Structures are given as structure tokens and as C-alpha cells.
Participant: 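Structure in C-alpha cells, see below.
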Amino acid sequence: MPVFFKAAACQCRFILKQKGCLFTFALLLAWVLINFVGNVLTFQGMDAAEMYQPMKLLLLSYNRINYNADFTLLLVQLYPFLVVCPAAFSLVKERQTGQEVLMSARLGRFPYFMGKLAAVMAVTAAVFTLPFLIEILLNCIAFPLNAQGDLTNWDAYDPDYVASVKHYLCYPLYLFSPYLYAVCGTLLFGLMSGVLGCFVVTFSALFPIKYSVVLFLPAFLLLNATVYFSQIQTVPFQSGWYHYFLLFDDTVKSPLYLIAGLLLLLIVSIAGCVWGGRQDCLR
């Protein structure tokens, strides 16, 4: 176990220095800051009784499409590519530079692969969590905390609004505290991003990748497959990935579908890395 932690820590340090990781974090941070400044300029001077709930103005808020969908739509379109950038190229780069052989010799093949998987998940989750947590903090500072408005402009006691709130993931948590709901939802977003990063790294561990650009395909195809699933197969819920990744989404969803998908990706990722490690050891 100490070898595993040593391998994971070493991999984290390596990934955090990569341009892709720094670029993705800087891009997301700039994105949320631009969104925050835009919200401040738009709603400055608005009466607190008429003000919208600050958490529903977040970049990750699906509710904001009722006001301005541009930034959120752009995030949905670019996310399948951005999620690969922080850490998923790390194994390919180490193979190209020969560091994979050195790390395997020092740490052992299995600890190296599992440490790589843990590091990719941790770094990707951090990159896709910290900027949005910063936005939550900024919104709490800039906007009145007692504001309760919804961007659909429905009344809080409107039956349609009450029904839509019940479609939020973990809606009892939202009823308890919208702020706690936003923090937990952002952490879940980071976790799901980390799982996707692991899946892509496993793909690169199992198959020889000559061109790094190929690694954009697994996440892109997988996420788009979830969008088309409910169109091809009749199911009583939305299967598109963004309905589960975004906050305050009022479409009908299935928590079991989300949990099963994440567990399946984790199992495939771990099994794939174990298999890849055993193959290399037998060579």
C-alpha cells in the first residue's frame, strides 16, 4: 500500500506540471470568472425580493438556460474534449519519453498502473471542481443569500415549479439547502469527470496509441452515446449525460442509471489497467 501511495503521488506531481492540465484549469477558471462578472453587471441593483437564487446563476446550472444558455451550451459542447486534457494523455507521454519503463522498474508494474489511475482521477476531479467551487464562493459574496427566485420565473408555490424541483438529483438536499446542494453537485461533477479521465487512460493502456488525438474519441463517443440512447431505446427518463452532470436540471432522471454507469466505468477502468499491467509483466 505505501508503494501505491508513492506511485500515485509521483504521478500527480507529473500530471500537474503538464500544459494540458494547467490550460484546462486556467480556461475553466477564466470561464467562471467571466460568467460571474456578467451576472454581477446584469443583476446589479436588483431588489433582493426579486433576485434569483445565486446558485442558479452558476455556469454549471441547467436552470440558467431559461435566461441565457450560451455559456452553459458551450460548456456542454466542449466538455467531451476538455475532460481528456488534464490527465488522460499522461500515459501516452510517458511511453513516448521512456518514463514508463523507469517508473515501472522503480515502483513495480501493478503499483505504477494503479497509481496512474488514482492520480488521473484525483487531478481530473480537482481541475473540474475547484473553479466551480470558487464561483460558488463568489456568488455567495456578491448576491443576497436569501434570494429565492427561479430563472423560469415561476412562483415558488406554482405546481409546475414544485414538480420540476422534484426532478433535481437528490432534491431533498436542495430543499434543505440550495448552497449545500450546489457544493455537493459540483463535487459529483468532479468525481464523474475523474471517472471519465480514468476510462480514457485505460483505453490508452490497453491499445497502442500512435497519435494522441485519438484519445479524444473514447469520451466523445461514450458521452454522445448516452444522448442518443433515449432516442433509440424508449426509456422513462433522460439518458443524456449533461442532465446528470449539470445542477438544477428539472428533466426526469434515473439515479440508478447514473450509479450503474459510473460503477461500470470504474470496473472497466480498473480491470483494464490490471490486464494491461499483467500483459507488460509477462513480456
Side-chain angles (χ1 to χ4, degrees), residues 24 28 58-66 69-88 117 120-121 124-125 128-129 132 152 160 163-171 173-174 181 184-207 209 213-273 275:
T24 306
L28 292 175
L58 298 171
L59 181 62
L60 281 182
S61 172
Y62 185 84
N63 188 248
R64 68 173 285 115
I65 68 173
N66 296 288
D70 292 347
F71 278 176
T72 302
L73 179 60
L74 185 60
L75 177 63
V76 169
Q77 292 174 331
L78 294 182
Y79 177 81
F81 303 101
L82 288 177
V83 74
V84 180
C85 294
L117 206 63
V120 168
M121 172 173 281
T124 304
F128 281 89
T129 299
F132 300 105
T152 59
D160 290 331
S164 69
V165 167
K166 291 183 178 180
H167 292 153
Y168 294 171
L169 275 178
C170 301
Y171 80 91
L173 183 60
Y174 167 76
Y181 169 88
C184 292
T186 300
L187 294 175
L188 178 61
F189 175 71
L191 173 64
M192 293 186 287
S193 300
V195 172
L196 278 173
C198 289
F199 175 73
V200 177
V201 167
T202 299
F203 183 85
S204 67
L206 291 175
F207 305 101
I209 304 297
V213 70
V214 176
L215 291 180
F216 284 113
L217 287 177
F220 177 80
L221 295 177
L222 177 65
L223 293 176
N224 278 277
T226 67
V227 175
Y228 292 109
F229 175 71
S230 58
Q231 299 178 10
I232 299 173
Q233 186 72 30
T234 303
V235 290
F237 57 86
Q238 289 289 342
S239 63
W241 64 271
Y242 51 86
H243 291 297
Y244 297 84
F245 281 46
L246 298 179
L247 309 176
F248 308 107
D249 186 289
D250 58 359
T251 58
V252 178
K253 294 176 287 296
S254 171
L256 182 61
Y257 166 77
L258 173 63
I259 295 171
L262 289 178
L263 287 177
L264 179 61
L265 285 180
L266 271 177
I267 292 172
V268 169
S269 298
I270 295 174
C273 276
W275 178 259

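All residue numbers in this chain count up from 1 along the given sequence. Everything numeric in this text was worked out from a predicted model, so none of it was measured.
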Participant: Using residues 194-205 as the side-chain source, report each donor-acceptor pair under 3.5 Å to any protein atom, sequence neighbours left out, with the distance given to one decimal.
Facilitator:
unit_1, atom_1, unit_2, atom_2, d
Thr202, OG1, Cys198, O, 2.9
Thr202, OG1, Ser269, O, 3.1
Ser204, OG, Val201, O, 2.6

Participant: Answer yes or no: is there a side-chain heavy-atom contact under 4.5 Å between Thr24 and Thr124?
Facilitator: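 Counting from C-beta outward, Thr24 and Thr124 never come under 4.5 Å.
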Participant: So do the side chains of Cys85 and Phe216 get within less than 4.5 Å of each other, counting heavy atoms only?
Facilitator: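 Yes, their side chains come closer than 4.5 Å.
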Participant: So Thr251 and His167, do their side chains get closer than 4.5 Å, heavy atoms only?
Facilitator: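 His167 does not reach Thr251 side chain to side chain.
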Participant: Can you tell me how far apart CG (Leu58) and OG1 (Thr72) are? Round to the nearest 0.5 Å.
Facilitator: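 One finds 9.5 Å between CG of Leu58 and OG1 of Thr72.
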Participant: If you take all heavy atoms of Leu206 and Gly272, which pair is closest and at what distance?
Facilitator: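 Minimum heavy-atom contact is CD2-O, 3.3 Å.
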Participant: Can you check whether Leu28 reaches Phe128 side chain to side chain, under 4.5 Å on heavy atoms?
Facilitator: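 With C-beta onward as the side chain, the pair touches.
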Participant: With sequence neighbours left out, write down each residue that passes ring-ring contact (aromatic ring centres under 6.0 Å, His included) with Tyr62, or none if nothing qualifies.
Facilitator: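 Tyr62 satisfies ring-ring contact (aromatic ring centres under 6.0 Å, His included) with His243 once adjacent residues are dropped.
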Participant: Provide the closest heavy-atom pair for Phe71 versus Leu59 in the form atom of the first, atom of the second, distance.
Facilitator: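 Minimum heavy-atom separation between Phe71 and Leu59: CB-CD1, 3.5 Å.
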Participant: What's the separation between atom CG in Leu247 and atom SG in Cys184, rounded to the nearest 0.5 Å?
Facilitator: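 So the gap between those two atoms works out to 10.5 Å.
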Participant: Evaluate the side-chain proximity of Ile65 to Leu73: yes if any heavy-atom separation is below 4.5 Å, no if none is.
Facilitator: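 Answer no - side chains too far apart.
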Participant: To the nearest 0.5 Å, how far apart are CZ in Phe229 and OG in Ser239?
Facilitator: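 Those atoms lie 6.0 Å apart.
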Participant: Under the side-chain hydrogen bond (donor to acceptor under 3.5 Å, both in side chains) test, which residues partner Tyr181, sequence neighbours left out?
Facilitator: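 If we apply the side-chain hydrogen bond (donor to acceptor under 3.5 Å, both in side chains) test to Tyr181, skipping adjacent residues, there are no hits.
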Participant: Under the salt bridge (Lys or Arg N to Asp or Glu O under 4.0 Å) definition, can you give me all pairs with a residue in residues 221-250, not counting sequence neighbours?
Facilitator: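 Output for this query lists Asp249-Lys253.
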Participant: What class does the angle between the rings of Tyr257 and Tyr244 fall in, given that below 30° is parallel, 30 to 60° is tilted and above 60° is perpendicular?
Facilitator: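 Tilted, since the angle between the ring planes falls between 30° and 60°.
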Participant: Given the rule in the side-chain contact (heavy atoms from CB on, under 4.5 Å) test, do Met192 and Leu258 qualify, once you have shown the distances and angles that lead to the verdict?
Facilitator: CA-CA 10 Å; Met192 293 186 287; Leu258 173 63; 3.5 Å; yes
Participant: Donor-acceptor pair, distance only, cut-off 3.5 Å: does the side chain of Thr129 make one with the backbone of Leu187?
Facilitator: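 Between the backbone of Leu187 and the side chain of Thr129 there is no qualifying donor-acceptor contact (under 3.5 Å).
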Participant: What residue pairs, at least two apart or across chains, pass salt bridge (Lys or Arg N to Asp or Glu O under 4.0 Å) with a residue in residues 258-267?
Facilitator: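 Checked against salt bridge (Lys or Arg N to Asp or Glu O under 4.0 Å) - neighbours excluded - no pair reaches residues 258-267.
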Participant: Kindly write out the residues that satisfy side-chain hydrogen bond (donor to acceptor under 3.5 Å, both in side chains) with Asn63, not counting sequence neighbours, or none if the list is empty.
Facilitator: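 Testing Asn63 for side-chain hydrogen bond (donor to acceptor under 3.5 Å, both in side chains), a comparison that skips the adjacent residues, returns Asp150.
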Participant: For a side-chain contact (heavy atoms from CB on, under 4.5 Å) check, start with the C-alpha distance between Trp241 and Val227, then their side-chain angles and the critical distance, and finish with the verdict.
Facilitator: CA-CA 7 Å; Trp241 64 271; Val227 175; 3.9 Å; yes
Participant: With ring-ring contact (aromatic ring centres under 6.0 Å, His included) as the criterion, how do Tyr79 and Tyr242 come out once you've worked through the C-alpha distance, each side chain's angles and the decisive distance to 0.1 Å?
Facilitator: CA-CA 10 Å; Tyr79 177 81; Tyr242 51 86; over 10 Å; no
Participant: I need the minimum non-hydrogen distance between Val83 and Pro80, along with the two atoms involved.
Facilitator: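 Taking every non-hydrogen atom into account, CG1-O, 3.7 Å.
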Participant: Any side-chain heavy atom of Asp70 within less than 4.5 Å of one from Arg64?
Facilitator: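 No, too far: nothing below the 4.5 Å cut-off.
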Participant: Given side chains that start at C-beta, do those of Val252 and Pro236 come closer than 4.5 Å, heavy atoms only?
Facilitator: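 Side-chain contact under 4.5 Å: no.
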Participant: Hey, could you give me the OG1/CG distance between Thr152 and Asp160, rounded to the nearest 0.5 Å?
Facilitator: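 Answer for the OG1-CG pair, Thr152 versus Asp160, is 9.0 Å.
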Participant: Which atoms form the tightest heavy-atom contact between Thr226 and Leu223, and what is the distance?
Facilitator: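 For Thr226 versus Leu223, the nearest heavy atoms are OG1-O, 2.5 Å.
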